Amino acid sequence: MAHLVSPLVSIENVDMRYGGPNGTLAVSGLNMKVGKGEFAAVVGPSGCGKSTLMKLVTGLHIPQGGGVIVAGKQVTEPVSIVGMAFQNPTMLPWRTTLDNILLPLEIVERHRHRLRRHKAEYVEKAEHLLETVGLKGFGSKFPWQLSGGMQQRANLCRALIHEPELLMLDEPFGALDAFTREELWCVIRDLHAAQGVTIVLVTHDLREATFLADRIFVMSARPGRILKEHVVPFARPRDLEVMYEKGFNDMVHELHGEIAKARVAA
Amino acid sequence: MSAVTDNTTPVTQARPLSARMSWVTLAPWLYTLGLFVLWELLVIALEMPPTILPAPSRVFQAILQYWSPIWKNSLQTLYTTTLGFAIAVVAGLGIGLFIGWSKTIYAGLYPLMIGFNAIPKVALVPILVIWFGIGTIPAVLTAFLISFFPIVVNVATGLATIEPETEDVLRALGAKKMDIMLKVGIPRSMPYFFGSLKIAITLAFVGSVVSETVASNYGLGNMMSSAQSQFNVPLVFAGLLMLAVEGIAMYAFMAWIERRMTGWAHRSTMAQ
């Protein structure tokens, strides 16, 4: 495990409590390391603090106890090397898909002052991303003219446009039908392979986690902590067919058992 | 057999459908006409004297007879109303953005706004008269006071209901409050704002006419109150009719602006 020598994300003994000293303890004693370029998945029973984990890593919440280190720096404010995508694509309906994708560039400090002068260059980059996710030529459409799956593809483009080192995905495919979901798994798989970006995927879907991730973290019920860490052994590039192999099903089964136990313990 | 019935049903359905389309555009005019006819018949049937309820024919006659004062006073009312409304738009937008800016301001000012809105604006007219004398200024201010509340509430609501995910995505990128307001909050509240203009303009008419009735020498409100004191009931109704016409015209204008400015918010009618 050479990559663990210099992890991109390192969460050390973190406690996070909402709503004052007597509020809900969302995560407690959370420890987790994600290496650079790695694809990590976090699974667990509902309400286990997975979304809190997202907010801790991106710097939207600062923990009361322990430390979060991203790219070698203690997180004390939002970290702009992160791209985020949620289950709800949250495209802005008054902007075209292309303008939606360019939105992060209007915010991120190192791009916002360059954007106007280098517009063509950025637009080209956005169109290239659109092509990568299979949305070539849809940039001029408004998001509400796209289907749910297409909006989610555009959402991924928006999360990637500023070339983040870390991509945080919070159940991005939860609202999609089974076939569209599998298509998007492949899109994410190929993006990860091509761009070398580090990805943390929070999901309820154990098959999704097993198919995509290098490592799977199983969280306990609230207050959340990591119960177990699995290394996914299947070789890359993975084909969708891998999901019908025995080893794959055994792994999903094992994860399922662990989460069921964590739920009972709650 | 079934093939025949399948073929004939669309044909028989197609004709009434196209007829129905033109009925929809005609309907507002026909219903208005129907109302006048009913009104006329009611007056004839009950043998109403014109000093209690004049028939529409008598009202139209009054409009022709008093056209010059009606025209002048209509313009005056339109002027005070739109001026008050314009101030309300600027102030309402400003205060709405201010209130929607932070949860604390929202919590602090909202009860005050509700309390202020609960005050009948007619009760404020005497105070305005003490400050500014009778005439145009109290009418403009009453129109403003009564119409700015819905604008404030709508703009503030638009800002306060930004999806938390959108805010998270932008904040994680290092967006400041100002960035979020400019990129998301303000464009997002625009449909609410333009929607509220339709409500605000009709309220503005209520405000200006109330003030003109109580404290002015001009305007439709004043014209109607002096006509009433002379038992010239047809002229009172003529004034009401003019107000209705002005109200509908301004409402339609606001609705048109709304459609022009925020087409994306009416996407169901525009989608592919």
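Throughout, a chain's letter reflects where its sequence line sits, starting with A, and its residues are numbered from 1. All figures in this text were calculated on a predicted structure; none of them were measured in a lab.
Looking at R116(A), R114(A), R95(A) one by one, the single match for salt bridge (Lys or Arg N to Asp or Glu O under 4.0 Å) with E106(A) turns out to be R95(A).
For residues 169-183 of chain B, a heavy-atom distance under 4.5 Å to chain A picks out V169(B), L170(B), R171(B), A172(B), L173(B), G174(B), A175(B), D179(B), K183(B), given by residue number. Within residues 91-120 of chain B, no residue approaches chain A closer than 4.5 Å by heavy atoms. When the heavy atoms of residues 139-150 of chain B are compared with those of chain A, none of the residues falls under 4.5 Å.
Smallest separation of non-hydrogen atoms from T198(A) and G37(A): OG1-N, 2.7 Å. T97(A) and F142(A) make their closest contact through OG1-C, 4.0 Å (heavy atoms, listed as atom of the first residue, atom of the second, distance).
Counting heavy-atom pairs closer than 4.5 Å to chain B, the top-ranked of the candidates T58(A), L60(A), D170(A), V82(A) is L60(A). Counting heavy-atom pairs closer than 4.5 Å to chain B, the top residue among E109(A), R158(A), R112(A) is R112(A).
Using a 3.5 Å distance cut-off with no hydrogens or angles, the side chains of E212(B) and T80(B) do pair a donor with an acceptor. In this model, a donor atom of one side chain and an acceptor atom of the other lie less than 3.5 Å apart for T52(A) and Y18(A). Side chain to side chain, E12(A) and S10(A) meet the donor-acceptor criterion of an N or O pair below 3.5 Å.
The ring-ring contact (aromatic ring centres under 6.0 Å, His included) pairs that include a residue from residues 90-113 of chain A are W94(A)-W264(B), H111(A)-Y122(A), where partners are two or more places apart or lie in different chains.
Counting heavy atoms from C-beta outward, D205(A) and F173(A) have side chains that stay 4.5 Å or more apart. M84(A) places none of its side-chain heavy atoms less than 4.5 Å from the side chain of E165(B). When side chains are defined from C-beta on, V27(A) does not count as touching I11(A), because their heavy atoms never get closer than 4.5 Å.
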TODO: Using the side chain to side chain contact (heavy atoms under 4.5 Å, CB included) rule, take I188(A) and L169(A) through it: C-alpha gap first, then chi angles, then the decisive distance, then the call.
DONE: CA-CA 10 Å; I188(A) 275 285; L169(A) 304 173; 3.7 Å; yes
TODO: List the steps and the verdict of side chain to side chain contact (heavy atoms under 4.5 Å, CB included) for F193(B) and T262(B).
DONE: CA-CA 10 Å; F193(B) 167 68; T262(B) 53; over 6 Å; no
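Side-chain atoms of Q152(A) come within 3.5 Å of backbone N or O of Q87(A) as a donor-acceptor pair. For S211(B) (side chain) and S208(B) (main-chain N/O), no donor-acceptor pair under 3.5 Å exists by modelled atom type.
Of the two parts of L92(A), only the side chain, counted from C-beta on, holds a non-hydrogen atom closer than 4.5 Å to a non-hydrogen atom of chain B. For I81(A), no part lies under 4.5 angstrom from a heavy atom of chain B. Residue V108(A) touches chain B through both its backbone and its side chain, counting heavy-atom pairs closer than 4.5 Å. Using a 4.5 Å cut-off between heavy atoms, F86(A) contacts chain B through its side chain alone, with no backbone atom that close.
The pair E208(A)-R181(A) does not meet the salt-bridge criterion, since no charged nitrogen lies less than 4.0 angstrom from a carboxylate oxygen. Between E38(A) and K33(A), no side-chain nitrogen of the basic residue sits less than 4.0 Å from a carboxylate oxygen of the acidic one, so the salt-bridge criterion is not met.
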